[in-house]
Amino acid sequence: MRTQVAIIGSGPSGLLLGQLLTNAGIDNVVIDRVSKDYILGRVRAGVLEEGMVGLLDSAGAGGRMHAEGLPHEGVLLAFDGQDHRIDLLGLTDKRVMVYGQTEVTHDLMDKREATGGVTIYDAGNVTPHGFAGDQPYVTYEMDGATHRIDCDFIAGCDGYHGISRKSVPESAIKTFEKVYPFGWLGILADVPPVSHELIYANHPRGFALCSMRSETRSRYYIQCALDERIEDWSDDRFYDELRRRLPSAHAEAMVTGPSFEKSIAPLRSFVAEPMRFGKLFLVGDAAHIVPPTGAKGLNLAASDVHYLFEGLQEFYGERSTAGIDAYSPRALKRVWKAERFSWSMTMMLHRFPDTEGFGQKIQEAELDYLVHSTAASTALAENYVGLPY
Ligand code: FAS
Ligand code: PHB
């Protein structure tokens with residue numbers, strides 16, 4: 001088989017890039033090691049920046065998002081028993097869209113099928129080859145045979161644990177990492193959200209986040225120790241702990257109900273530099289990870305896709321390599337600003353086991369300054385709604 005762009009990974013990065021390329025008449029194939037249902041069974045992000053919304057519209061996959069998504073104009077910070085609203089729209093003239101990553105992925109899969117895109121699921125031992133030269137190709141195993149896809153470029157959209165970044169010689173890549181000493185225990189439940197806007201709570205017992213997927217489906221998280229086990233957390237125990245971390249008005253108003261998803265996610269900051277190796281480009285989580293406190297993970301994947309798509313469109317349209325040559329430095333500038341924001345939100349809102357009295361007082365002063373300074377609130381708001389591409 002031959003294509004112009006071979007895309008490893010059928011998550012949001014790979015599907016969004018694939019659809020933009022297809023719409024521009026650039027041939028591409030998406031390969032994933034798991035099934036479509038497995039991908040759709042993963043519960044992840046929930047907040048989309050306007051840039052991501054625009055890209056889904058450009059891909060022709062934004063219809064259901066506009067019909068079912070929830071545009072949000074503000075977000076709440078809760079500490080010392082009180083809520084403090086950050087007026088995103090008033091401070092930035094922008095909103096965010098609350099719409100689950102699972103739905104984004106579903107919409108992109110449907111669009112790809114409707115436009116005849118080739119996607120190979122359950123592919124074994126997917127491996128990128130020859131990307132340092134002029135004849136890159138990808139191999140994979142299926143039905144007892146090894147298959148080969150010759151291409152012009154390979155987009156490594158295969159996430160943090162994928163093969164693409166691991167296929168780059170160690171001498172050619174530099175990584176930066178910070179692992180946080182806690183995780184997020186999250187549940188999904190078909191109960192009305194406790195608040196119509198997201199609540200990020202800083203409490204002596206730990207961080208909590210009240211989010212949602214719709215007006216009837218809630219997504220709740222609490223900070224937990226890394227050695228916590230899901231089987232030790234009944235729904236009742238989870239809700240009791242969540243309510244203890246929220247202002248009393250929210251705790252008393254919370255509607256609880258059986259969870260149908262419960263998981264613990266570790267938190268890390270990670271960046272691999274550069275994001276391009278000859279004919280191989282790293283995109284999204286394959287190149288970087290942020291703690292979800294800033295709701296940036298999925299949105300950074302979108303801006304990577306934007307930069308790479310522009311570069312590939314320029315290459316195939318004008319035979320210019322300027323765009324693809326600029327991909328890595330251009331993407332990394334935005335990546336590092338999102339890494340900074342996600343790190344700062346995580347440091348400000350979580351309780352750290354080793355925080356001495358001084359560290360705690362600094363955190364309290366930062367929160368107090370933030371909610372009483374228009375300049376500080378604006379800085380948070382413009383990062384939360386998404387910095388320009
Ligand atoms: P993905 O990881 O989504 O997709 C990669 C795809 O590549 C997968 O389908 C995988 O099967 C495939 N793949 C991997 N290795 C392969 C191989 N060797 N061969 C072929 N295919 C391969 N972000 C937020 O903004 N908010 C959140 O709350 C949030 N929560 C998260 C919770 C968890 C547990 C995780 C892991 C991430 C979370 N994220 C969150 C970040 C997440 O949303 C990512 O940013 C987003 O999935 C990035 O999309 P992709 O880059 O497409 O990577
Ligand atoms: C979510 O709804 O899953 C979500 C929302 C905001 C975040 C992280 C996760 O910062």
Side-chain angles (χ1 to χ4, degrees), residues 6-18 30-49 52 70 72 75 96-102 104-105 108-109 119-128 138-141 154-167 183-188 193 197-200 207 209-214 217-221 261 263-268 270 282-305 335 338 341-342 345-346 349 384 386:
I7 299 172
I8 303 178
S10 179
S13 296
L15 290 167
L16 181 58
L17 176 63
V30 173
I31 313 121
D32 205 298
R33 65 177 170 186
V34 296
S35 69
K36 175 178 172 182
D37 289 344
Y38 185 90
I39 295 168
L40 291 173
R42 292 190 301 230
V43 180
R44 290 195 175 164
V47 172
L48 310 184
E49 298 171 356
M52 174 79 172
L70 303 172
H72 277 207
V75 67
V96 292
M97 175 71 81
V98 172
Y99 188 65
Q101 174 174 324
T102 308
V104 169
T105 307
L108 286 166
M109 284 175 171
T119 308
I120 300 162
Y121 290 109
D122 296 313
N125 195 21
V126 178
T127 308
V138 173
T139 57
Y140 66 94
E141 290 160 8
I154 301 170
C157 301
D158 47 348
Y160 179 72
H161 299 289
I163 186 64
S164 296
R165 189 180 70 249
K166 292 171 188 161
S167 300
W184 280 15
L185 168 59
I187 70 164
L188 264 179
E197 292 182 326
L198 272 63
I199 306 172
Y200 290 82
F207 168 82
L209 170 59
C210 297
S211 183
M212 64 203 75
R213 291 293 177 269
S214 69
R217 178 166 291 182
S218 297
R219 177 63 162 163
Y220 292 138
Y221 299 93
E261 197 273 347
S263 56
I264 294 177
L267 272 65
R268 77 175 72 242
F270 173 86
L282 300 183
V283 185
D285 277 18
H288 41 72
I289 294 287
V290 286
T293 328
K296 290 297 148 219
L298 176 57
N299 292 298
L300 268 185
S303 47
D304 289 353
V305 166
V335 163
F341 175 66
S342 304
M345 287 282 277
T346 303
L349 292 169
Y384 192 84

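Order of listing sets the numbers, starting from 1, for every ligand and every atom in it. No hydrogens, no waters, no symmetry mates; every other heavy atom, side chains included, goes into these values.
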Side chains of His72 and Met212, heavy atoms from C-beta outward: is any pair under 4.5 Å? yes
What atoms of ligand 2 come closer than 4.0 angstrom to any heavy atom of Thr293? 10 (O)
Go through the side-chain N and O atoms of Asp122 and Ser35 and say whether any donor and acceptor fall under 3.5 Å apart. no
A side-chain contact here means heavy atoms from C-beta on lying under 4.5 Å apart; do Leu48 and Val104 qualify? yes
Close side-chain approach of Lys296 and Glu49, heavy atoms under 4.5 Å: yes
Can you tell me which residue and heavy atom of the protein come closest to atom 7 (O) of ligand 1, and the distance to 0.1 Å? Asp158 CA, 3.2 Å
Tell me which protein heavy atom sits closest to atom 11 (O) of ligand 1, plus the residue, atom name and distance to 0.1 Å. Asp32 OD1, 2.7 Å
Per-atom contacts of ligand 1 with Ile39, taking only distances under 4.0 Å to non-hydrogen atoms: 9 (O)
Atoms of ligand 1, numbered as shown, that sit under 4.0 Å from any heavy atom of Ile163: 18 (N)
Relative to each other, are the rings of Trp184 and Phe207 parallel, tilted or perpendicular (30° and 60° limits)? parallel
I'd like to check Pro128 versus Ile8 (side-chain heavy atoms, cut-off strictly below 4.5 Å). Are they in contact? yes
Spatial distance of atom OG (Ser211) from atom CD1 (Ile199) [nearest 0.5 Å]: 10.0 Å
If you scan protein heavy atoms around atom 8 (C) of ligand 1, the nearest is Arg42 NH2, 3.3 Å
Who's the nearest protein heavy-atom neighbour of atom 6 (C) of ligand 2, and how far? Tyr200 OH, 3.3 Å
Value rounded to 0.5 Å, distance of CG in Leu17 from CD1 in Ile7: 4.0 Å
Atom 19 (N) of ligand 1: the protein heavy-atom neighbour that sits closest, reported with distance to 0.1 Å: Val126 CB, 3.5 Å
If we number the atoms of ligand 1 from 1 as shown, the ones under 4.0 Å from a heavy atom of Lys296 are 25 (O)
Contacting atoms of ligand 2, where contact means under 4.0 angstrom from a heavy atom of Trp184: 8 (C)
Tyr221 neighbourhood, listing ligand 1 atoms whose heavy-atom distance to it stays under 4.0 Å: 28 (O)
Which of the atoms of ligand 1 are close to Val34, meaning less than 4.0 Å from one of its heavy atoms? 11 (O)
Decide side-chain contact (heavy atoms from CB on, under 4.5 Å) for Leu267 and Ile289; before the verdict, give the C-alpha distance in whole Å, the side-chain angles of both, and the deciding distance to 0.1 Å. CA-CA 9 Å; Leu267 272 65; Ile289 294 287; over 6 Å; no
Top protein contact for atom 43 (O) of ligand 1, by heavy-atom distance: Gln101 OE1, 2.4 Å
Give the residue and atom name of whichever protein heavy atom lies nearest to atom 32 (C) of ligand 1, and the separation in Å to one decimal. Arg44 CG, 4.0 Å
Under a 3.5 Å cutoff, is there a donor and acceptor pairing between the side chains of Tyr200 and Tyr384? yes
Atom 3 (O) of ligand 2: which protein heavy atom is closest, and how many Å away? Tyr221 OH, 2.6 Å
Ala295 heavy atoms within 4.0 Å reach ligand 2 at atoms 6 (C), 7 (C), 10 (O)
Give yes if a backbone or side-chain nitrogen or oxygen of Pro12 is under 3.5 Å from a nitrogen or oxygen of ligand 1, and no if not. yes
Mind checking whether Leu298 has an N or O less than 3.5 Å away from an N or O of ligand 1? yes
Under 4.0 Å to a heavy atom of Leu209 - the qualifying atoms of ligand 2, by number: 6 (C), 7 (C), 8 (C), 9 (C)
Note the single closest protein heavy atom to atom 25 (O) of ligand 1, along with its residue, its atom name and the distance in Å. Gly297 N, 3.3 Å
Flag the pair Arg42 / Gln101 as yes when at least one side-chain heavy-atom distance between them is below 4.5 Å, and no otherwise. no
Once rounded to the nearest 0.5 Å, what's the spacing between atom CD1 of Ile31 and atom SG of Cys157? 10.0 Å
Closest candidate by heavy atom, reference atom 34 (C) of ligand 1, pool Gly11, Ser13, Ala265, Ser167: Ala265
Taking only heavy atoms of Pro292 into account, list the atoms of ligand 2 that are under 4.0 Å away from them. 7 (C), 8 (C), 10 (O)
Assess Trp184 for proximity to ligand 1: is some non-hydrogen atom of it under 4.0 Å away? no
Taking the side chain as C-beta and beyond, is there a heavy-atom pair between Ser342 and Thr293 under 4.5 Å? no
Write out the residue and atom name of the closest protein heavy atom to atom 41 (C) of ligand 1, then the distance separating them to 0.1 Å. Asp285 OD2, 4.0 Å
Please state which part of Cys157 comes within less than 4.0 Å of ligand 1, counting heavy atoms only: side chain, backbone, both or neither. backbone
So the atoms of ligand 2 within less than 4.0 Å of a heavy atom of Leu198 turn out to be 5 (C), 6 (C)
Counting only heavy atoms, which portion of Ile8 has something under 4.0 Å from ligand 1: side chain, backbone, both, or neither? side chain
Show me which atoms of ligand 1 lie under 4.0 Å from any heavy atom of Gly284. 51 (O)
Check ligand 2 against Val47 and write out every atom of the ligand that is under 4.0 Å from a heavy-atom position of the residue. 5 (C), 6 (C)
For a quick check under 3.5 Å, do Asp285 and His161 share a side-chain donor-acceptor pair by atom type? no
Below 4.0 Å, non-hydrogen atoms only: which portion of Arg213 touches ligand 2? Side chain, backbone, both or neither. side chain
Side-chain heavy atoms of Arg44 within contact of Leu298, under 4.5 Å: no
Going by the order shown, which atoms of ligand 2 are within less than 4.0 Å of some heavy atom of Arg44? 3 (O)
Within this structure, what is the OG-CG distance for the pair Ser164 and Leu282, rounded to the nearest 0.5 Å? 6.5 Å
Any side-chain donor paired with an acceptor under 3.5 Å for Tyr121 and Arg33? no
Is the shortest side-chain heavy-atom distance between Thr102 and Arg213 below 4.5 Å? no
What part of Ala295, side chain from CB on, backbone N/CA/C/O, both or neither, has a heavy atom under 4.0 Å from ligand 1? backbone
